[in-house]
Amino acid sequence: IQSLDPNGKVWLNDKLILDTDNFMRNEICVSHLLKKGENQLKILVEPRPPEVFYYWHRHTDCYNGWFCGEVFLTLTQNTYIKHMEVITNEVTPFVNASVNIDLNQKHNGFIELFISECYPKQSKEERLGIKRFHGKSVSYNFEKKLKLWNVKSPTLYAIRAVIYDKYKKETDDFVIETGFRIIEQKDGEIHLNHSKILLNGALLMQ
């Protein structure tokens, strides 16, 4: 559930599965409550009482901002990729990056990685490599000649990870889109991919 703004409750088949006092994203395991056939999901979005938290967020407001964000059900195997991130370590002369993956539970098997350009053009998927691991997390480093992300040419790549069990049977896959770049501050200046850049923008706050 992406958001219940400003707060709310959720029931699945008449069982309360969420009672939140904020509008942050929530992820709930509902495997034990699902049944064959129809399942009933009930969502209640509540306004905050006027004396609680924010003086501008009152139930008497003309502001109609109470809403429910995207709600979706993800069906997985018993073992699945819970989180994945790609970190750029270096960009010259080749892109050196790390792919860090967290699983929902310990796993004994293999992780295989693929890469393809997805913006502004689409390219054929290439295999980065495969690695055996045991545990809840795994990291994979690779070095490859790739287009760098920058303001004028924001090239994006799709990194796809596939996990297999010890018998090489596919268990789950996960895709993340990212750009390869290094942003850093040196002597009061901003550098993108080791070149100085100037940030232009408008100051709107206060």
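Just so it is clear, the model here is predicted, and its values are computed rather than measured.
Judged by distance alone, with hydrogens and angles left aside, the side-chain atoms of K131 form a donor-acceptor pair with the main-chain N or O of S139 at under 3.5 Å. For the pair N96 (side chain) and F94 (backbone), a donor-acceptor distance under 3.5 Å is absent. Without hydrogens or angle criteria, N193 side chain to I182 main chain gives a donor-acceptor distance under 3.5 Å.
L4 contributes atom CG, which lies 11.5 Å from atom CZ of F23 (distance to the nearest 0.5 angstrom). E177 contributes atom CD, which lies 10.0 Å from atom CD1 of I159 (distance to the nearest 0.5 angstrom). In this structure, L128 CG and Y140 OH are separated by 6.5 Å, a value rounded to the nearest 0.5 Å. If you take CD1 on I183 and CD1 on I197, they are separated by 6.5 Å, rounding to the nearest 0.5 Å. If you take CD1 on I81 and OG on S137, they are separated by 12.5 Å, rounding to the nearest 0.5 Å. Atom-to-atom distance recorded for T20:OG1 and R25:CZ is 13.5 Å, nearest 0.5 angstrom.
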Result block: side-chain N/O donor-acceptor pairs under 3.5 angstrom for residues 28-40, not counting sequence neighbours:
{"residue": "N39", "atom": "OD1", "partner": "N13", "partner atom": "ND2", "Å": "2.9"}
{"residue": "N39", "atom": "OD1", "partner": "K35", "partner atom": "N", "Å": "3.0"}
{"residue": "N39", "atom": "ND2", "partner": "K35", "partner atom": "O", "Å": "2.8"}
{"residue": "N39", "atom": "ND2", "partner": "G37", "partner atom": "O", "Å": "3.3"}

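Under the 4.5 Å side-chain criterion, counting only non-hydrogen atoms from C-beta, F133 is in contact with L103. Counting heavy atoms from C-beta outward, T155 and F180 have side chains that stay 4.5 Å or more apart. Side chains of K9 and D19 form a contact here, defined as non-hydrogen atoms less than 4.5 Å apart. Residues E117 and E126 are not in side-chain contact: their nearest non-hydrogen atoms beyond the backbone lie 4.5 Å or more apart. Taking the side chain as every heavy atom from C-beta outward, Y157 and L146 approach each other to under 4.5 Å. In this structure, L198 and E189 have side chains that are not in contact, with every pair of non-hydrogen atoms separated by 4.5 Å or more. The shortest distance between side-chain heavy atoms of M84 and V99 falls below 4.5 Å. Side-chain contact check for T178 versus W149: every heavy-atom pair is 4.5 Å or farther apart.
Hydrophobic clustering of Ile, Leu, Val, Met, Phe, Trp and Tyr side chains at less than 4.5 Å, counting indirect connections, keeps L18 apart from L16. In the hydrophobic cluster analysis, where Ile, Leu, Val, Met, Phe, Trp and Tyr join through side-chain heavy atoms closer than 4.5 angstrom, I115 is grouped together with F174. Residues F114 and F110 fall within the same hydrophobic cluster, defined by Ile, Leu, Val, Met, Phe, Trp and Tyr side chains chained together at heavy-atom separations under 4.5 Å. When hydrophobic clusters are built by joining Ile, Leu, Val, Met, Phe, Trp and Tyr residues whose side-chain heavy atoms come closer than 4.5 Å, directly or via intermediates, L192 is not grouped with V91. Cluster membership check: I101 shares its hydrophobic cluster with I176, using side-chain heavy-atom separations under 4.5 Å among Ile, Leu, Val, Met, Phe, Trp and Tyr.
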* To do: Evaluate side-chain contact (heavy atoms from CB on, under 4.5 Å) for N26 paired with V10, printing each intermediate quantity in order.
  => CA-CA 11 Å; N26 283 274; V10 180; over 6 Å; no
Requested in this report: Using the side-chain contact (heavy atoms from CB on, under 4.5 Å) rule, take V175 and R160 through it: C-alpha gap first, then chi angles, then the decisive distance, then the call.
Outcome: CA-CA 4 Å; V175 178; R160 184 167 69 95; 3.6 Å; yes
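Contact record, L156 with G179: CD2-N, 3.8 Å, taken as the closest heavy-atom pair. Considering every non-hydrogen atom in both C118 and A158, the closest pair reads SG-N, 3.8 Å. Of all heavy-atom pairs between P154 and V151, the closest is CD-O, 3.9 Å. The two residues H107 and Y164 come nearest to each other via the heavy atoms NE2-O, 2.8 Å. Across all their heavy atoms, K82 and N104 have their closest contact at CB-N, 4.2 Å. The shortest non-hydrogen separation linking N7 to E46 is OD1-O, 2.6 Å.
For K166, the NZ atom counts as loosely surrounded, since its 6.0 Å shell holds 12 or fewer non-hydrogen atoms of other residues, nucleotides or ligands. In the displayed structure, Q122 atom CD is contacted under 6.0 Å by at most 12 heavy atoms of other residues, nucleotides or ligands.
A donor and an acceptor atom, one from each side chain of T76 and D172, are nowhere located under 3.5 Å apart.
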